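Heads up, the thing below is written out as structure tokens.
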Amino acid sequence: MPDNPIFVTRPSLPSLEDFVSSLEQIWNSKFLTNGGPFHQELEEKLVNYLGVPYVSLASNGDAALLTVLKSMDLSGEVITTPYSFVSTTHSILWNGLTPVFVDVDPSSGNMDTSKIEDAITDKTAAILAVHCYGFPCDVGAIETIAKKHGLKVIYDAAHAFGVKCHCGKSVLNHGDASILSFHATKVFNTLEGGAIISHTKTQKDHIDLIKNFGIAGQEDIPFHGLNAKMSEVNAAFGLLQLNHIDKVIEKRKSVSDLYCSLLNDIEGVTCLNETAAGDQHNYSYFPVIIGDNYKHTRDDLFDLLKSHNIMSRKYFYPLLSNIQTYQNYPTATVGNLPHANNLASRVLCLPIYEDLKHDDVRRICEVIAK
Ligand code: T4K
């Protein structure tokens, strides 16, 4: 057994030497934040790298969600998934809106689009869907429903950096807007950070206004916003990360491929990655479903791996609809969300990151197989 734990993830980092050089430029310029040169450059480079119209950097994914919902001036209900990180639903509450849960598709963990129309009422304002683990939602179906009922569509694409649909274009081009997280645990990280993807210059300008308190000029504050700005240090870090992101994703793919081949023969263990549609993935997570025909429960396997110093994670347990804040909402019942409840009790995310050694993947799979 190794002395050091194998964590569920480890951040990819640029060279320290390169980062110190960026820091020296920041020290010399004394421009630390409020849309400085590194911030400008990262926004431009991300537009090109991701293949999207407009990028607004944010201090983190959560602030990006708060900002984008605010920018849409919504009231009433927002249809969303219970199978996500707390930030998704909390952002709805912070904007004075009501979350309405629909169940998920058990093969992807994403919102089951066939359930959306039943959840629409005369108060529904928007759909906030999540590309869970970076697997694209059924964006076509969501778009059709949204158009028919006049709803806004926001994608929480916190996990979906660099993900492309089968058409070869970024998944971030769908909906009225998408958000990304650049947290340390994400495929592309800026220490902390995030971004909002928008489609027009007017939309971007409005988002940029909101993320800067609503301040348009020193004596012009037309809107009440918040502080969701990314600093120059985070932006400079992100620029260095962009130089090696393709290699990072490639290495994660090799880890994912090895897992898939080694876990293939283990009865009761299904790779969620394998069951996803043929889009261009980023291998941000490696979720497996533990079935009844496996010899342990998901929770027992979690403990077993831990006893071998292997730190898997139960993303996303507990289900958002079962936590205190949301459990009394009418749509939070187990009867309404059977697949989401089932997944939350069966999914385990195995370690995956750029530097994870293939020998460690083999050892993890041996523990699971035994
Ligand atoms: N929407 C969705 C769908 C999201 O999943 C998230 C965030 C958001 C919105 C909001 O985006 P941000 O505001 O966070 O940008 C993590 C992250 O904190 C969170 O960003 C992420 N989703 C969520 C799914 O997971 P934990 O509880 O897993 O973090 P932690 O600290 O336990 O880290 C996991 C492992 O990673 C550690 O055991 C070791 C390793 N690690 C972690 C950090 C922070 C490192 O090696 N270095 C590090 O600096 O929450």
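From a predicted model like this one, the values you see are computed outputs, not experimental measurements. In listed order, ligands and their atoms are each counted from 1. Numbers here simply count residues along the sequence, with the first being 1.
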Distances for all N or O pairs of ligand 1 and the protein under 3.5 Å?
unit_1	atom_1	unit_2	atom_2	d
ligand 1	1 (N)	Asp156	OD1	3.2
ligand 1	1 (N)	Asp156	OD2	2.7
ligand 1	5 (O)	His159	NE2	2.7
ligand 1	11 (O)	Ser181	OG	3.4
ligand 1	13 (O)	Gly61	N	3.3
ligand 1	13 (O)	Asp62	N	2.9
ligand 1	15 (O)	Gly61	N	2.8
ligand 1	15 (O)	Ser181	OG	2.7
ligand 1	18 (O)	His183	NE2	3.4
ligand 1	20 (O)	His183	ND1	3.3
ligand 1	20 (O)	Lys186	NZ	2.9
ligand 1	22 (N)	Lys186	NZ	3.0
ligand 1	27 (O)	Arg313	NH2	3.0
ligand 1	28 (O)	Arg313	NH2	3.2
ligand 1	28 (O)	Tyr315	OH	2.4
ligand 1	32 (O)	Arg313	NH1	2.8
ligand 1	36 (O)	Thr9	O	3.4
ligand 1	46 (O)	Arg10	NE	3.1
ligand 1	46 (O)	Arg10	NH2	2.7

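- A ring-ring contact (aromatic ring centres under 6.0 Å, His included) with Phe237 holds for exactly one of Phe38, Phe188, Phe19; it is Phe19.
- Side-chain N/O atoms of Ser87 and Asp62 include a donor and acceptor closer than 3.5 Å.
- His131 meets the ring pair (Phe, Tyr, Trp, His ring centres under 6.0 Å) test with Tyr155; sequence neighbours excluded.
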Result block: side-chain N/O donor-acceptor pairs under 3.5 angstrom for residues 209-225, not counting sequence neighbours:
unit_1	atom_1	unit_2	atom_2	d
Lys211	NZ	His39	NE2	3.3
Lys211	NZ	Leu57	O	2.6
His224	NE2	Lys70	NZ	2.9

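- Listed by chain and number, the hydrophobic cluster partners of Val78 are Leu65, Val68, Leu69, Met72, Leu74, Ile92, Leu97, Leu128, Ile154, Ile179, Ile196, Ile207, where partners are ILVMFWY side chains within reach of under 4.5 Å, directly or through others.
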Can Tyr326 and His90 be said to form a ring pair (Phe, Tyr, Trp, His ring centres under 6.0 Å), step by step?
-> CA-CA 10 Å; Tyr326 305 105; His90 283 0; 5.7 Å; yes
